[in-house]
Structure formats: structure tokens, C-alpha cells
Chemist: 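Handing you a structure now.
Predicted model, so just to flag it, every value in this text is computed and none were measured. Reminder, nothing fancy here: chain letters follow the sequence lines and each chain counts from 1.
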Protein chains: 2
Amino acid sequence: MSQQKEVTIYDIARQLDISAATVSRGLKNHDSVNKATRKKIQDLAKELGYRSNTFASSLRRKSTNTIGVIVPRLSSYFMSNVIAGMENIASAEGYNLIITQSLETVKKEIANADTLFNSRVDGLLVSLSFETENIDHFEPFIKKGIPLIFFDRIKQHSQCMGIVIDNYKAAYDATKHLLDNGYRRIMHIGGSTVSHVYAERLRGYKQALQDYKIAPDPKLVLTKNMSEEAGVESARYILKMKHLPDAVFSANDACAVYCMRTLKKEGIRIPGDIAFVGFNNDPMSKVVEPNLTTINYPGYAMGEAAATQLINHLNGVTNLTATNIIILRSELIVRASSPKKR
Amino acid sequence: MSQQKEVTIYDIARQLDISAATVSRGLKNHDSVNKATRKKIQDLAKELGYRSNTFASSLRRKSTNTIGVIVPRLSSYFMSNVIAGMENIASAEGYNLIITQSLETVKKEIANADTLFNSRVDGLLVSLSFETENIDHFEPFIKKGIPLIFFDRIKQHSQCMGIVIDNYKAAYDATKHLLDNGYRRIMHIGGSTVSHVYAERLRGYKQALQDYKIAPDPKLVLTKNMSEEAGVESARYILKMKHLPDAVFSANDACAVYCMRTLKKEGIRIPGDIAFVGFNNDPMSKVVEPNLTTINYPGYAMGEAAATQLINHLNGVTNLTATNIIILRSELIVRASSPKKR
DNA sequence: ATGAAAGCGCTAACAC
DNA sequence: GTGTTAGCGCTTTCAT
């Protein structure tokens with residue numbers, strides 16, 4: 001913690017016998033500064049080990065070049081790709097990312113929002129926690145005019161852009177794919193419909209069935225927490241049914257994969273007895289046998305899109321409220337777990 | 001960007017007809033302020049929606065409560081767990097994390113170090129890029145007495161703590177496991193030995209062979225970039241050999257898994273013809289068939305350990321240079337890909 | 001127990 | 001092109 005004396009623009013100014021203002025301009029390569037002076041300033045700055053004091057600068061400019069991020073969990077394949085995409089854009093544009101995780105609780109989400117508010121982030125990128133039902137804790141940002149973009153797990157808000165894939169359509173496509181291939185008793189394993197994401201996926205599944213004139217069967221709709229264990233539980237549930245489903249559409253890959261595994265161990269053939277479609281295109285979907293048909297969920301692209309939109313808005317290029325929802329393309333990837341029914 | 005007027009301590013001071021100094025003290029519950037006054041200050045602050053300006057404060061106090069993080073890539077299972085662990089500790093201790101990725105290039109690593117230096121982070125947590133050979137770009141931190149901890153991909157430095165697992169021992173154990181189970185022609189797929197991590201794994205592999213009096217065979221040591229494709233390439237290499245290995249120890253799971261897959265497609269039985277051991281305990285190691293024997297690499301624990309050490313040091317609890325290296329426990333997880341040789 | 005005053009380092013408006 | 005000036009909002013002696 002040894003705080004040695006810091007070099008300031010005044011030190012540079014003194015040594016060069018010019019004003020601090022000129023140094024300030026020279027450091028950011030202002031045209032209005034003589035090229036030679038600029039060079040002298042920059043050279044000396046480097047020599048002295050000068051580093052700009054971002055607080056003084058932020059204090060003056062009232063902007064921090066910092067973007068706050070709140071996600072439910074960092075440690076998933078999807079989310080780490082989202083973050084990677086954001087970081088890529090942000091750093092190219094000179095923004096820092098402050099990243100926090102709510103661990104799926106409202107309590108921590110509120111605390112994070114608070115911290116980021118006090119950190120005076122220029123903007124906020126949020127994927128909501130599982131528990132979150134209302135979003136009043138973001139009102140301070142909205143009131144202050146700090147732009148806020150939701151992604152993936154969104155809530156509608158007139159002042160906030162949302163970035164999502166069309167979960168309804170993706171689920172519809174996934175289910176239709178199974179129907180087109182001759183499957184009729186299709187089970188859906190989904191998450192709590194408090195979440196927009198899972199509600200939409202369930203809706204897509206139901207609509208596809210309806211379009212094929214298949215009566216919905218409540219026994220074929222499971223609501224789980226979508227973990228690996230949930231996959232195992234779902235398999236147990238299936239094994240106890242008198243009348244097995246001939247296909248399963250799971251709202252994520254982890255759950256699908258562990259469900260498949262468990263069923264396979266009990267002698268059920270995949271896709272012979274039960275076909276599978278997952279969601280996310282997690283790396284494990286390419287490893288499980290048979291390879292899992294799934295929906296490609298473009299995490300990296302979503303992170304890039306969210307960061308790009310936010311930064312464009314900060315630069316005054318776009319208006320966030322004009323385009324209220326951006327929908328990213330997702331597509332069905334057909335693999336071996338869901339061929340035509342014999 | 002609409003900057004509405006912010007509430008400052010002056011606003012509070014004016015309304016309460018006291019001085020800003022008293023407000024400042026009152027806000028942080030200083031004993032020297034009358035209890036009643038304190039309450040009045042805090043109540044009014046809440047009412048007005050006052051938020052402390054961290055820049056002004058940091059500018060004065062010269063500390064930021066911010067920790068910088070540089071990692072090669074955010075989007076891996078291991079790294080996202082590391083970050084999750086760090087975030088968990090940091091947020092509990094009132095620190096923010098600024099996270100950057102070098103994308104495995106020295107150039108970006110230097111740029112990130114620069115940014116974080118200018119952001120005046122209180123400390124730094126770094127996992128080095130693949131390319132990084134010298135670490136001069138971190139000297140500014142060291143010169144300023146800003147604590148720096150390396151983790152996973154480390155370089156030795158007298159002033160910096162390193163947090164690692166014992167890669168040598170883990171690789172030794174993995175190889176010994178294969179030897180103990182009767183395998184003798186063991187191939188190693190590893191990464192560039194510029195990296196301490198891969199160099200140590202190679203060394204462990206070699207030592208185990210030597211301890212079993214097995215002559216090293218250069219044809220059995222592959223240096224790859226450890227991607228999924230590298231796994232496929234390695235499989236092709238193996239298929240072309242006149243004398244196949246009877247086991248493979250891969251320095252990561254992704255490479256092992258894709259190698260196994262490719263060999264299986266060509267009719268090689270795993271583990272019947274070739275046994276496999278991986279490294280990392282990636283989720284896919286539990287999904288591939290047969291399940292992959294691997295080394296558990298505790299990412300979350302490593303993130304927690306790194307953050308804890310740094311914050312303890314910042315609080316003056318520990319001295320970073322006293323304990324120079326911390327080694328986290330990793331262990332072999334035996335699964336179906338490496339049973340006793342028949 | 002409270003206040004006055006002096007900056008922390010930087011930037012932007014304005015002047016020349 | 002460059003300098004002057006006046007803060008940004010907060011903390012911290014030093015008085016009182």
C-alpha cells in the first residue's frame with residue numbers, strides 16, 4: 001500500500017514550462033496542441049511514469065466510462081460467452097466492465113444494483129435473477145437517465161431495451177421438428193414460468209402441439225429447476241409412467257443430457273424409444289451420445305449486441321427506447337438424438 | 001445521458017443549516033457528531049436520494065475498493081468458475097471487480113494492465129496469456145506497491161504471490177494411475193511448454209514413466225493447442241501409428257474427449273484398446289462415454305483463494321511476499337475410461 | 001460538537 | 001496554440 005508520490009499533469013507542466021491545461025490536451029492528442037509540444041508532453045509523461053487519475057477526470061467529466069453488469073450466475077457456458085462478448089466490445093470502445101452476480105436472488109440483485117448505482121456506472125446490462133418479479137430496484141437508474149438494457153432474462157419496461165432470442169419461436173421450431181419427424185407424445189421439461197424465458201418456451205411448445213391438433217397433456221409438462229439433477233429426476237418420472245412419451249423437448253441441454261443418460265442406463269434407447277431435443281447448444285450437447293439436437297443460443301453475439309447498443313446510446317448514436325426489443329437469431333441444430341420416427 | 005442535478009453533501013448541509021464537513025462525518029456515523037444531528041443527516045440523505053460520489057471520495061482518499069482481473073479467456077468452464085469465486089469474496093468485502101481478457105495475446109494483456117493501472121485498482125489478479133514470456137508490463141504495479149497475485153498461469157516473481165495447483169504432481173498421479181493399472185505405452189497430449197502449467201504436466205508425466213523404468217518415446221508426446229480440433233488431430237495421428245499407444249493422458253478434457261470420440265468412430269474401443277485420462281474435470285468429462293477419468297481442478301476455490309489473499313493483504317492481515325506460493329489441492333477422479341488393463 | 005478552509009488532479013470555458 | 005480560471009464533491013486538519 002506504499003503510496004509513493006504520484007506524477008500529475010502539474011509535474012509535467014512545470015518541467016516543460018507550459019500550463020497544465022496544455023498538458024491535459026496534449027495527453028489526449030488534441031489537435032489544438034502543437035505537434036512537437038504534444039510529443040514532448042507524451043514522452044515526458046511516459047518517462048515519469050505518469051498515469052491519468054481517473055477519479056479527478058470522472059469527477060470533472062461526470063462520466064466514468066464504466067458499464068455495470070448484473071447476471072444471475074457467471075459460471076455457465078452461456079453466460080461466460082455473453083460476458084466475453086461484452087468485454088470484447090467494451091474494451092474496444094474504452095469502457096470498463098464491473099461484473100456482479102445475483103446468484104439468482106433478488107436480495108443480491110438489489111445490493112448489486114445499489115453498488116453499481118453508487119459506482120456511477122454510465123450504463124447497466126442486466127439479466128434478471130430467477131426470483132425477480134418486479135424491477136423497482138432499477139428505478140433509480142431510470143430516473144437518473146442512466147441507460148439500462150436487459151438481456152436474456154428480461155422484463156418489459158418502456159424505458160429499457162431488451163435483447164433476447166425469440167424463445168417462443170425457438171421452442172415452437174424445436175417441437176415442430178419432433179412433430180414433423182413423426183413424434184406425437186412429446187414431453188416438455190421447462191423452468192419456472194415466472195421467467196419470461198421459460199414461459200415463452202412453454203408457449204411455443206404448446207402452440208406447436210395445438211397446430212398439429214394434439215391435445216395438451218398436463219402429465220407431459222414438467223416444471224423443474226433445469227439442473228443436472230433435474231434431468232435425473234425427470235428420467236425417474238418418465239420411467240414411472242405407464243405410457244411413455246416418444247420424445248422429450250427440454251428447455252436446456254444440461255437437463256436433457258442427464259435425463260438421457262439416466263434413461264439409457266435403464267435400457268431405454270435414444271432416439272429409438274424416446275427422441276430428445278435440448279436448448280442452448282452447450283458443449284456437452286456435442287459430446288453426449290447420441291449427439292443432442294438443440295437450439296443454438298448465441299451467447300457471445302448477445303453479449304456483443306447488448307454492449308454495442310448500450311455504448312451507441314451513450315455516444316448518442318441510437319435511442320434506446322425507439323427500438324425496444326432486439327431479437328437475435330437462434331436456430332435449430334439437428335443432431336442424432338431426433339431422427340425420423342420409424 | 002440526461003444528467004439531472006445530483007444531491008451533494010452541500011445540499012444536505014444547506015437544508016439542515018450545518019456545514020458540509022459535519023454532513024460528511026455524519027454520513028459515516030462519526031462519533032464526534034451529535035447523535036441527533038447524525039440521524040437528521042442520514043434521514044435527509046435518504047429522503048433526497050443522496051448517493052456518495054465515489055470519485056470525489058477516491059480522489060481524496062486515494063483508494064478505490066476496486067480489484068482488477070486479467071484472464072486469457074472468460075469463456076471456459078474453468079475460468080468462469082474462477083471469476084464466480086472471486087466475485088463472491090470481493091462483493092462480500094465491499095470490493096468491485098473490473099474484469100478484462102487478454103484473448104491469449106501479450107498485446108492485449110499489456111493494454112489491459114495499462115487500463116487497470118490507470119483505473120487505479122487497489123490490487124490485481126492475473127492469469128497470464130499463452131504468449132506471455134516476460135512480465136515487465138506489471139512492474140508499474142510492483143513499483144507502486146500495488147499487490148499483484150498470479151493464479152493458474154503464473155510466473156515466479158519475488159514480489160508476487162502465485163496460486164496454483166501442483167500440476168507436476170497431478171500429472172504424475174494421472175500417469176501413475178495408468179501405469180498402476182497395467183498400461184505401458186502411454187501417450188501424452190500437452191500444450192506449449194512456454195506455459196508453466198503445461199511444462200509441469202509434461203514433467204510429471206515423464207517422471208512417472210521414469211519411476212516405472214519406461215524409456216521415454218518422443219513419438220508418444222504431442223504438443224497441441226489443446227482445443228477440440230487438437231483432439232481430433234491427435235486421434236488422426238494415433239490412427240496412423242504402426243504401434244498404437246495403450247493409453248492417453250491429455251492435459252485437458254476437451255482434447256481428450258474429442259480424441260476419444262474420433263477414435264471410437266474408427267472402431268477403437270475405449271478403454272479396451274486405449275485408456276484415457278484427462279485434466280480439469282470439465283462437465284463434458286462426465287458426459288462422454290465412457291466417462292473420463294480426470295484431475296479435478298478447483299476453479300471456484302482458486303478464485304476465492306486469490307481474492308481472499310489479495311483482500312487480506314489490502315487489509316494488512318497478510319504479507320504477500322511471505323507466503324510466495326499457495327498450492328491448492330487437486331485430485332484424481334477415476335471414471336470408466338481407465339480401468340485395469342486386462 | 002461543529003465549522004472554515006484548503007486541496008485531491010483534472011477539464012472546459014473563455015481569453016488572448 | 002496556449003494560458004487563466006474556476007470548480008467537480010469530498011475529506012481532513014485546525015480552529016473554536
Chemist: Just say parallel, tilted or perpendicular for the rings of A:Phe141 and A:Phe117, cut-offs at 30° and 60°.
Modeler: perpendicular
Chemist: When the distance from CD1 of B:Ile9 to P of D:dT11 is rounded to whole Å, what number comes out?
Modeler: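 Those two atoms, CD1 and P, are 6 Å apart.
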Chemist: If I take atom CG in residue A:Asn53 and atom P in nucleotide D:dC10, what distance separates them, rounded to the nearest angstrom?
Modeler: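 Taking atom P of D:dC10 as the reference, CG of A:Asn53 is at 16 Å.
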Chemist: Distance check: side-chain N/O of A:Lys62 vs OP1/OP2 of C:dT11, anything under 4.0 Å?
Modeler: no
Chemist: Round to the nearest Å and state the distance from B:Asp31 atom CG to C:dA1 atom C1'.
Modeler: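 Those two atoms, CG and C1', are 12 Å apart.
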Chemist: When you get a sec, tell me which of C:dG9, D:dC10, C:dT2 is the closest nucleotide to the side chain of B:Ser57?
Modeler: D:dC10
Chemist: Atom CG of B:Leu27 to atom P of D:dC10: distance rounded to whole Å?
Modeler: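 Interatomic distance, CG of B:Leu27 to P of D:dC10: 8 Å.
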Chemist: Report yes if at least one side-chain N or O of B:Tyr10 is closer than 4.0 Å to OP1 or OP2 of D:dT11; otherwise report no.
Modeler: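 It does not, given that no N or O in the side chain of B:Tyr10 lies less than 4.0 Å from OP1 or OP2 of D:dT11.
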Chemist: Report the distance from atom CG of B:Asn29 to atom C1' of C:dA1, rounded to the nearest whole Å.
Modeler: 15 Å
Chemist: Kindly say if B:Ser32 contacts the phosphate of C:dA1, meaning a side-chain N or O under 4.0 Å from OP1 or OP2.
Modeler: no
Chemist: What is the nucleic acid contact for A:Lys28, judged by heavy atoms within less than 4.0 Å: base, sugar-phosphate only, or nothing?
Modeler: sugar-phosphate
Chemist: Just checking, is any N or O donor in the side chain of B:Glu87 or A:Thr100 under 3.5 Å from an acceptor N or O on the other one?
Modeler: no
Chemist: Kindly indicate whether the side chain of B:Arg25 and the base of C:dG3 share any N or O donor-acceptor pair separated by less than 3.5 Å?
Modeler: yes
Chemist: Give the rounded distance in Å between these two atoms: CZ of A:Arg60 and P of C:dC10.
Modeler: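 After rounding, the reported distance stands at 13 Å.
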Chemist: Roughly how many Å is it from CD1 in B:Ile12 to P in D:dC10, rounded to a whole number?
Modeler: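 It works out to 8 Å between those atoms.
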Chemist: Mind checking A:Thr8 for me? I need base, sugar-phosphate or nothing, with any heavy atom below 4.0 Å counting as a touch.
Modeler: sugar-phosphate
Chemist: For A:Ser119 and B:Asn96, which I'm curious about, is there any donor-acceptor pair between the side chains at under 3.5 Å?
Modeler: yes
Chemist: Atom OH of A:Tyr50 to atom C1' of C:dG9: distance rounded to whole Å?
Modeler: 8 Å
Chemist: Within the structure shown, what part of the strands sits under 4.0 Å from B:Thr37 by heavy-atom distance: base, sugar-phosphate, or nothing?
Modeler: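 Sugar-phosphate, no base atom in range.
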Chemist: Could you pick out which residue, B:Val23 or B:Leu59, lies toward the 5' side of DNA chain C when each is mapped onto its nearest nucleotide?
Modeler: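 Between the two, 5'-proximity favours B:Val23.
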Chemist: Might you point out which heavy atoms bring B:Met302 and B:Ile165 nearest each other, and give the distance in Å?
Modeler: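 Heavy atoms only, the tightest pair is CE-N, 3.9 Å.
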Chemist: Return whichever of B:Ala56 or B:Asp17 has its heavy-atom-nearest nucleotide of DNA chain C closer to the 5' end.
Modeler: B:Asp17
Chemist: How about A:Lys108 and B:Ser91: does a side-chain donor come under 3.5 Å of a side-chain acceptor?
Modeler: yes
Chemist: Would you say a side-chain N or O of B:Ser19 is under 4.0 Å from OP1 or OP2 of C:dG3?
Modeler: yes
